[in-house]
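Quick notes on the structure that follows.
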2 protein chains.
Amino acid sequence: MLTIGALSRKTGTKVQTIRYYEQINLLPEPERTAGGQRRYRNTDLDRLSFIRHGRQLGFSLEAIRELLTLADHPQQSCSQADSIARRQLEQVQQRLLRLKALEQELQRMISECTGGDSGDCRVLEVLRDHSECLTDHNNIGE
Amino acid sequence: MLTIGALSRKTGTKVQTIRYYEQINLLPEPERTAGGQRRYRNTDLDRLSFIRHGRQLGFSLEAIRELLTLADHPQQSCSQADSIARRQLEQVQQRLLRLKALEQELQRMISECTGGDSGDCRVLEVLRDHSECLTDHNNIGE
DNA sequence: GTTACGACCTCTAGCCGCTAGAGCTTCAAG
DNA sequence: CTTGAAGCTCTAGCGGCTAGAGGTCGTAAC
């Protein structure tokens, strides 16, 4: 039986975050001591590790919720999990494209900066005048 | 004199967002008609375009606030603007690295998926067992 | 047995950057 | 003068936590 602190250390998740996951029903309510403190089993450790790993892969908590449901029902087809992962991959690839464009533009901006007055600062100028921007930004780069 | 709607269209910024920028003092309070509606000048258009372009480059609103201050005081050195941009570039590059790692792992996960039961689904299995993960995730990939 | 102290508890509010909706008023064209 | 789009304010919500206040519990040492 693990305390919340022990679970926190084992999974690299902050205590507050664990309680948050319980609150949004991503983790089940654990047993409590007579005094009201949470005590966790290894199944909770597994579930939290799964969640954390999903987060590290950039899945949203909602996607993780779906994946957990699928993991709990092994008779259902794997293709659903697969399509969630594919969706996630697409999102990652889109973000990659945008970030690469951003990197280029930032680099160009910086490399052209002479370090003089901000009156003729390239960085500020590029920001001021969008027409100097080579990049196609449809969405805001996050 | 532009209405908020016209400004919205010209900059691709939602009306609510423009009011939000005013609220957090990123845009100055514009003149108002007798009836209380906002009316904007071209300087406001420029300032908002600057902000939007900064956002497209991934700068935080606080970074943009700094950049705007620098742009308003041309006698100050450009090196401050430069260092803000460099900071931003570093962040972008770090995110790129992490996203590339994520992409790899997602691809591996998906390519190994056979489409059978989720009982032996690679996607779920990788999530379950972190030791199968080749990637070094220190932070959560966003 | 008591005391000390860290770890736990709940609850509330805040972060960023918007976004949405309710319920009202103003503006401009016909 | 009427209509209807576009404006207004105010409040609350999104995701995914994070922080702090102010209190209680558990355990080890004395």
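Reckoned from all heavy atoms, side chains included, excluding hydrogens, waters and symmetry mates. Letters A, B, ... mirror the listed sequences (proteins, then strands); counts begin at 1.
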What are the atom names and distances for every N/O pair under 3.5 Å that joins the protein to nucleotides 19-21 of chain D?
residue: D/dA19; atom: N7; partner: A/Q16; partner atom: NE2; Å: 3.1
residue: D/dG20; atom: O6; partner: A/Q16; partner atom: NE2; Å: 3.2

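- Remark: B/Q107 engages no residue in a side chain to side chain donor-acceptor pair (under 3.5 Å) (not counting sequence neighbours).
- If you take CD1 of B/I18 and P of D/dT9, they are 13 Å apart, rounded to a whole angstrom.
- Partners of A/E62 under the side chain to side chain donor-acceptor pair (under 3.5 Å) rule, at least two apart in sequence or in another chain, are A/R65.
- Of the possible polar contacts, none joining the B/H53 side chain to the A/R128 backbone as a donor-acceptor pair under 3.5 Å is found.
- Take B/Q94 and apply the side chain to side chain donor-acceptor pair (under 3.5 Å) test, not counting sequence neighbours, and it matches no residue.
- Between A/Y20 and A/L26, the closest side-chain pair of non-hydrogen atoms is not below 4.5 Å.
- As rounded to whole Å, 16 Å separates atom C1' of D/dC10 from atom OH of B/Y20.
- Going from atom CD of B/E62 over to atom C1' of C/dG14 covers 15 Å, rounded to whole Å.
- Applying the salt bridge (Lys or Arg N to Asp or Glu O under 4.0 Å) criterion to A/D44, with sequence neighbours excluded, gives no partner residue.
- By the side-chain contact (heavy atoms from CB on, under 4.5 Å) test, B/T11 is found to be paired with B/L7, B/T13, B/L45, B/L48, B/S49, residues two or more places apart in sequence or in another chain being considered.
- Atom CG in A/L48 sits about 11 Å away from atom P in D/dC17, given to the nearest Å.
- Between B/S60 and B/T3, the one whose closest nucleotide on DNA chain C sits nearer the 5' end is B/S60.
- Rounding to whole angstrom units, CG of residue A/L61 and C1' of D/dC14 are separated by 12 Å.
- The stretch residues 22-44 of chain B touches DNA chain D through B/R32, B/G36, B/Q37, B/R38, each having a heavy atom under 4.0 angstrom from the strand.
- In this structure, B/T17 has no side chain to side chain donor-acceptor pair (under 3.5 Å) partners at least two apart in sequence or on a different chain.
- The nucleotide whose nearest atom lies closest to any side-chain atom of A/R19 is, among D/dC17, C/dC9, C/dC18, C/dC9.
- Using a 4.0 Å cut-off, some side-chain N or O of B/Y21 falls inside it from OP1 or OP2 of C/dC18.
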Tabulate below the donor-acceptor pairs under 3.5 Å that side-chain atoms of residues 27-37 of chain B make, not counting sequence neighbours, or state none.
residue: B/E31; atom: OE2; partner: B/R41; partner atom: NE; Å: 3.2
residue: B/E31; atom: OE2; partner: B/R41; partner atom: NH2; Å: 2.4
residue: B/R32; atom: NH1; partner: B/G36; partner atom: O; Å: 2.8
residue: B/T33; atom: OG1; partner: B/G35; partner atom: N; Å: 3.3
residue: B/T33; atom: OG1; partner: B/G36; partner atom: N; Å: 3.3
residue: B/T33; atom: OG1; partner: B/Q37; partner atom: N; Å: 3.0

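- In this structure, CE of B/M1 is placed 19 Å from P of C/dT26, rounded to the nearest angstrom.
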Review item, nucleotides 1-3 of chain D N/O atoms under 3.5 Å of protein N/O:
none

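- Rounded to the nearest 0.5 angstrom, B/Q91 CD and B/F59 CZ are separated by 9.5 Å.
- The side chain of A/I4 lies closest to C/dC8 when the candidates are C/dC8, D/dG7, C/dC18.
- Here B/R19 pairs with B/I4, B/V15, B/Q16, B/R38 under the side-chain contact (heavy atoms from CB on, under 4.5 Å) rule; sequence neighbours left out.
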